[in-house]
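So that the names make sense, note that chain A is the first sequence line, chain B the second, and so on, each numbered from 1.
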4 protein chains.
Amino acid sequence: MQYEISGASRLPIYRQLVEQVREGIARGDLKPQDQLPSVRQMSRDLVVNPNTVARAYTELEREGLVANRPGRGVFVAEPRADLTKDARRKRLIETIDRLLTEAVNLGFSEEEVARLVAARSRQFHWNTPNSAPK
Amino acid sequence: MQYEISGASRLPIYRQLVEQVREGIARGDLKPQDQLPSVRQMSRDLVVNPNTVARAYTELEREGLVANRPGRGVFVAEPRADLTKDARRKRLIETIDRLLTEAVNLGFSEEEVARLVAARSRQFHWNTPNSAPK
Amino acid sequence: MQYEISGASRLPIYRQLVEQVREGIARGDLKPQDQLPSVRQMSRDLVVNPNTVARAYTELEREGLVANRPGRGVFVAEPRADLTKDARRKRLIETIDRLLTEAVNLGFSEEEVARLVAARSRQFHWNTPNSAPK
Amino acid sequence: MQYEISGASRLPIYRQLVEQVREGIARGDLKPQDQLPSVRQMSRDLVVNPNTVARAYTELEREGLVANRPGRGVFVAEPRADLTKDARRKRLIETIDRLLTEAVNLGFSEEEVARLVAARSRQFHWNTPNSAPK
DNA sequence: GTGGTCTAGACCACA
DNA sequence: GTGGTCTAGACCACC
C-alpha cells in the first residue's frame with residue numbers, strides 16, 4: 001500500500017496516517033496478518049519524525065486494528081468484536097447522523113444521499129453477513 | 001431546544017455547540033428565523049464562558065447557517081447554497097467514506113448500513129428535490 | 001511582506017490584518033505555500049494580543065485563503081473556488097455598487113472611474129480567463 | 001423613494017439607512033433639495049426607533065450629503081467638493097483596491113471586472129465631466 | 001517552536 | 001438587554 005501525508009492538510013500528520021490505515025483495511029487493501037512498514041521505514045519514506053509514526057501505530061493498536069509483535073513488527077489484526085452489537089450500533093448511528101446532518105445542510109435530497117452511499121460502498125470490502133461478529 | 005456539553009468529549013466545547021445547532025437545523029427542530037438563546041443566556045445555562053458560545057455562533061454564521069444581528073440576537077438563517085455542486089459533493093463523499101470505513105471496521109454488512117441510513121433518514125428534514133440547489 | 005495596524009482606523013485590528021493578507025494574495029505578493037509570520041511573531045511585531053492575530057488567521061482559513069497547520073505554521077492556500085458563479089457574481093456586484101456610489105458622491109465621472117479601475121488593475125495578479133473557475 | 005430595512009441583515013439598521021440614501025443620491029433617485037421623510041415619519045414607516053433614524057441622518061449630514069434645516073426638515077444637499085481632488089482620488093483608489101482584491105480572490109478576470117463595472121455604471125447618475133468639482 | 005482552546009474580565013456599539 | 005472586540009494568561013496537542 002502507498003501512504004502519503006499531505007503537508008497541506010489541516011489534519012495532524014499522525015491522524016492522516018491512522019485514517020489511511022483504517023481506510024486501507026476497510027477497502028481490503030490491507031488484510032489480516034499483513035505487515036505494516038516499520039516505524040523507521042515509514043518515517044524515512046514520508047520524511048516525518050519517527051515519533052509521529054509510532055504515535056499513529058499506538059493509536060491503531062488501541063483500536064484493535066493492528067497488533068504490535070515486539071521485535072517482529074506491526075501487523076493488521078484479525079477482525080475482533082470486543083464491543084457488543086448494541087455498542088457498535090450506537091457508534092455507527094452517531095456517525096450516520098453526522099453524515100445526514102451534513103447532507104441536509106449541504107442541500108442534498110434523501111435519494112441523492114442513498115445513491116451516493118451505495119456508489120461509494122462498492123469500493124469497500126464488506127464482511128459477508130455470516131462472518132459478521134454477532 | 002436543549003443544548004448540552006460533555007466535558008468528557010474529545011471535541012472542543014464550541015464544536016459541540018456547533019454540531020448541535022447544525023443537527024437541530026437538519027432535523028427541523030430549528031427553523032429559519034428562530035432565535036437562538038443569547039450568548040449570555042447560553043453561557044449561563046451551560047456554565048461556559050460567553051466567549052466560547054460566541055465563537056460557536058461566529059462559526060455557524062460563517063457557514064451561513066445562522067445570522068448574528070448585533071443588538072438583537074442570533075437567528076437561524078434562510079437556507080442558502082453558495083457552494084458549487086462539485087464542492088458540496090466532494091465534502092459529502094469524504095464524510096460518506098469516513099462512515100463506510102467505520103462501518104466496515106465495526107463489522108457491519110453493506111445491507112445493514114444501507115438499512116440504518118434509510119432508517120435514520122426519516123428523522124431528518126429533507127429538502128425536496130426541486131428546492132435543492134443545483 | 002510588511003503588516004501594519006492603525007489604531008485610528010474604525011476597522012477592528014483583526015479585520016485590518018485580514019484585509020492586508022487578502023490584498024497581499026491578490027497582488028501576488030503572497031504566493032501559494034508561502035508561510036505567514038507565526039501568530040506569536042506577528043503579535044510581537046504589531047504589539048497586539050496573539051488571540052487577535054489568531055482570529056485573523058482563523059477568518060482567512062474559513063475563507064479558504066490560508067491553511068493553518070497545527071504545530072507547523074500558517075500557509076497561503078492553493079486558490080480554490082467553492083462558490084457558485086452566481087454567489088460570486090452577487091458578492092462582487094455588491095462591492096461594485098458600493099464603489100460606484102462612492103465615486104458619484106465624490107463627484108467623479110464614469111470615465112474617470114473606468115480609467116482608474118483599469119490603472120489600478122495592473123497592480124494585481126489576475127487569473128487567466130482559462131484558469132478562472134467556471 | 002422607498003426605504004426598507006432588512007431585519008435579517010448583519011448591518012446595523014442605521015447603517016442600512018445611510019447606505020440607501022447614499023445610493024439613492026448616486027443613482028439620481030434623490031436630487032438636490034429633495035426632502036427626506038421626517039425622523040418620526042420614517043421611524044413609523046419602518047417600525048424602528050426614532051433615535052436610530054436620527055442617527056442615520058446625523059451621519060449623512062456629517063458627510064455633507066444632506067442638510068438639516070431646523071424646523072423644516074432634512075434635505076438632499078447640493079453636491080459640494082470640500083475635499084481636494086487629491087484627497088478624493090486617494091479615497092476612491094482605496095475603494096477600488098478593495099474591489100480589485102475581492103475580484104481576484106473570487107477568481108474573476110480583469111476583463112470580467114471591467115465589464116461588470118461598466119454594466120453597473122449605467123444604473124448610476126453621473127456628473128458630467130464639466131460639472132465635476134475641480 | 002507551532003497553532004488550538006478556554007477562561008476571566010473589560011469596554012464599546014446597537015436597539 | 002444584545003453581540004463585537006480586545007487583552008492577559010493558562011493549558012494542551014503537535015512537530
Open item on the list: For a quick check under 3.5 Å, do Q2(A) and Q20(A) share a side-chain donor-acceptor pair by atom type?
Closed with: no
- [ ] Would you tell me if any nitrogen or oxygen in the side chain of Y14(C) comes within less than 4.0 Å of OP1 or OP2 on dC6(F)?
- [x] no
TODO: Could you state the atom-to-atom distance from CG of L11(A) to P of dA13(F) in whole Å?
DONE: 16 Å
Open item on the list: Need to verify one output field. Residue with the more 5' nearest nucleotide on DNA chain F, R55(C) or I13(A)?
Closed with: R55(C)
- [ ] Would you check if L65(B) and V21(B) make a side-chain contact, meaning some heavy-atom pair closer than 4.5 Å?
- [x] no
- [ ] Give the rounded distance in Å between these two atoms: CG of L46(C) and C1' of dC6(F).
- [x] 14 Å
- [ ] Pull out every residue in residues 56-74 of chain B that has a heavy atom closer than 4.0 Å to any atom of DNA chain F, ordered by number, or say none.
- [x] N68(B), P70(B), G71(B), G73(B), V74(B)
Task: Any donor-acceptor pair under 3.5 Å from Q16(C) side chain to S6(C) backbone - done: yes
Open item on the list: By the 4.0 Å heavy-atom rule, please label N51(B) as base, sugar-phosphate, or nothing.
Closed with: base
Open item on the list: Could you tell me if the side chain of V76(C) sits less than 4.5 Å from the side chain of I25(C), heavy atoms only?
Closed with: yes
Open item on the list: Could you tell me how far apart R10(B) (CZ) and dG4(E) (C1') are, to the nearest whole angstrom?
Closed with: 16 Å
- [ ] Compare side-chain N and O positions of S38(B) against OP1 and OP2 of dT2(F) and report whether any pair is under 4.0 Å apart.
- [x] yes
- [ ] Mind calculating the distance between CZ (R40(C)) and C1' (dA8(F)) to the nearest angstrom?
- [x] 14 Å
Task: Atom-pair distance (CD on Q41(B); P on dG1(F)), nearest Å - done: 11 Å
TODO: Would you tell me whether Q33(C) and E78(C) have side-chain atoms, one donor and one acceptor, within less than 3.5 Å of each other?
DONE: yes
Open item on the list: I need the T95(C) OG1 to R98(D) CZ distance, nearest 0.5 Å.
Closed with: 9.5 Å
Open item on the list: Quick check: do R91(C) and D82(B) have side-chain heavy atoms less than 4.5 Å from each other?
Closed with: yes
Task: Distance in angstrom units between N49(C) CG and dA10(F) C1', rounded - done: 12 Å
Open item on the list: What is the separation between atom CD on Q35(B) and atom P on dA15(E), rounded to the nearest whole Å?
Closed with: 15 Å
TODO: Between R15(D) and P37(C), just flag the one whose closest nucleotide in DNA chain E comes earlier from the 5' side.
DONE: P37(C)
Open item on the list: Using whole Å, what does the distance between atom C1' of nucleotide dG3(E) and atom CZ of R44(C) come to?
Closed with: 14 Å
- [ ] Report yes or no: does T52(C) contribute a side-chain atom to a donor-acceptor pair with the main-chain N or O of V48(C) at less than 3.5 Å?
- [x] no
Open item on the list: Please determine whether a side-chain nitrogen or oxygen atom of T52(C) lies at a distance below 4.0 Å from atom OP1 or OP2 of dT7(F).
Closed with: yes
TODO: Report, as yes or no, whether the 6.0 Å neighbourhood of atom CZ on R89(B) holds more than 12 heavy atoms from other residues, nucleotides or ligands.
DONE: no
- [ ] Determine which bases of DNA chain F form Watson-Crick or G-U wobble pairs with both distances under 3.5 Å, and write the result as a 5' to 3' dot-bracket string with | for other-strand partners.
- [x] ||||||||||||||.
